[in-house]
Amino acid sequence: MNELPSPALAPAEEAQTAHDTETVILIHGLWTPALVFALHSHWLKGRGYQTRRFGYHSVRASLSENAAHLKAFIALTDAETIHLVGHSLGGLIILEMLLDDADPRLRRAVLLGTPCHDSYCGRQLIDLPLLPSLLGLSTMEWLSRGPTTRSVAGSAVDIGVIAGTRSVGLGRVVPDLPLPNDGLVVVEETRLVGAADFITLPVAHSEMLASRLCAEQIAAFLESGRFIPPETEE
């Protein structure tokens with residue numbers, strides 16, 4: 001008796017199985033909890049990915065300490081393939097962690113509004129009373145290194161960078177914040193030498209955490225290593 005062919009998967013079912021061996025670790029930014037990535041976690045699960053949210057002390061722990069904690073968190077993640085998505089300071093922790101030998105399961109990473117080589121806002125704010133303690137040890141460790149040209153050329157992990165151009169946020173009170181910016185981070189500060197792809201989107205810094213437009217671009221990069229070119233976005 002001949003076996004009947006298996007029915008083709010419906011699109012939703014295909015999404016649930018296409019990435020079932022892949023886990024995306026979401027890393028929040030300064031002053032925010034891991035919960036801020038709830039929407040992106042939900043959207044990525046809808047595409048079939050497993051997700052985990054990495055929580056860390058953005059003020060009380062140094063950049064080096066948080067990078068070490070992220071490395072340990074990755075080591076304890078049970079998945080064949082691991083991707084990373086970091087918002088703002090979360091992206092800096094990813095970059096710091098990648099300076100060391102990377103877990104061979106790491107494949108792609110997306111940085112959202114991450115000031116990869118400097119922060120105009122940060123350098124203005126550290127001159128104000130009490131602000132260095134509010135910015136925290138991670139940010140102060142990074143700023144103490146001075147402006148740098150960060151390069152990921154030759155990295156085994158493909159990195160995509162998303163920068164925002166909607167100037168709404170804390171940066172509006174910082175005098176002469178260069179344009180274009182996302183309200184906190186200047187687009188030029190997000191550029192990363194050796195990145196696999198780079199794109200600007202009309203979103204503000206915090207808006208990235210609830211943006212469907214960002215979600216589509218994150219998914220595109222995780223799947224292909226490239227963002228959707230602006231002329232073909234829906």
Side-chain angles (χ1 to χ4, degrees), residues 9-58 61 66-98 102-114 138 152 155-164 190 195-197 199 201 203 205-228:
L9 289 175
E13 294 174 307
E14 289 178 348
Q16 291 295 326
T17 60
H19 305 291
D20 57 3
T21 63
E22 301 175 54
T23 292
V24 183
I25 297 176
L26 304 159
I27 302 115
H28 63 87
L30 180 64
W31 300 332
T32 57
L35 184 62
V36 296
F37 262 122
L39 277 175
H40 281 295
S41 176
H42 173 73
W43 291 330
L44 286 164
K45 286 178 179 177
R47 290 180 175 268
Y49 293 98
Q50 301 296 312
T51 69
R52 298 188 73 193
R53 282 173 270 172
F54 172 67
Y56 64 96
H57 297 300
S58 64
N66 283 324
H69 293 156
L70 175 58
K71 184 176 182 179
F73 187 86
I74 291 169
L76 293 174
T77 297
D78 184 14
E80 291 183 13
T81 301
I82 298 173
H83 306 293
L84 306 172
V85 176
H87 178 245
S88 198
L89 176 59
L92 291 177
I93 291 172
I94 291 173
L95 293 176
E96 185 78 6
M97 187 268 299
L98 291 177
D103 190 301
R105 297 171 298 161
L106 287 174
R107 186 176 182 189
R108 293 186 176 122
V110 178
L111 311 184
L112 305 173
T114 294
S138 284
V152 292
S155 172
V157 180
D158 294 331
I159 298 178
V161 177
I162 296 177
T190 69
D197 207 353
I199 193 168
L201 299 176
V203 294
H205 192 71
S206 295
E207 188 181 0
M208 293 178 178
L209 294 165
S211 168
R212 279 279 194 178
L213 187 56
C214 279
E216 291 298 317
Q217 292 290 2
I218 290 169
F221 187 84
L222 296 184
E223 291 169 3
S224 69
R226 290 291 183 272
F227 294 121
I228 304 168

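FYI, the numbering just counts along the sequence from 1.
Across all non-hydrogen atoms, the minimal contact from Asp158 to Ala196 is CB-CB, 4.2 Å. Here the closest non-hydrogen pair linking Asp197 and Gly225 is CB-O, 4.4 Å.
Residue pairs satisfying the salt bridge (Lys or Arg N to Asp or Glu O under 4.0 Å) criterion with at least one member in residues 208-217, sequence neighbours excluded, are listed as follows: Arg47-Glu216. Within the structure, every pair that satisfies the salt bridge (Lys or Arg N to Asp or Glu O under 4.0 Å) test and touches residues 70-88, not counting sequence neighbours, is listed here: Lys71-Asp100.
When each of Val36, Leu44, Leu84, Ile218 is paired with Leu26, the side-chain contact (heavy atoms from CB on, under 4.5 Å) condition holds for Leu44 and for no other.
A donor-acceptor contact shorter than 3.5 Å is absent between the side chain of Tyr49 and the backbone of Thr21. With hydrogens and angles disregarded, no donor-acceptor distance shorter than 3.5 Å links the side chain of Thr81 to the backbone of Glu22. In terms of modelled atom types and a separation under 3.5 Å, the side chain of Ser224 and the main chain of Ala220 share a donor-acceptor contact. A distance-only check finds no donor-acceptor pair linking the side chain of Arg108 to the backbone of Ile82 [under 3.5 Å].
Ring centroids of His87 and His205 are separated by less than 6.0 Å, placing the two rings close together. Two rings, from His69 and Phe54, have their centers 6.0 Å or more apart.
Between Arg53 and Leu35 the shortest side-chain heavy-atom distance falls below 4.5 Å.
For Arg52 and Phe73, the positive end sits near the middle of the six-membered ring, less than 6.0 Å away and at most 45° from its axis.
Listed by chain and number, the residues in a salt bridge (Lys or Arg N to Asp or Glu O under 4.0 Å) with Arg107 amount to none (sequence neighbours excluded).
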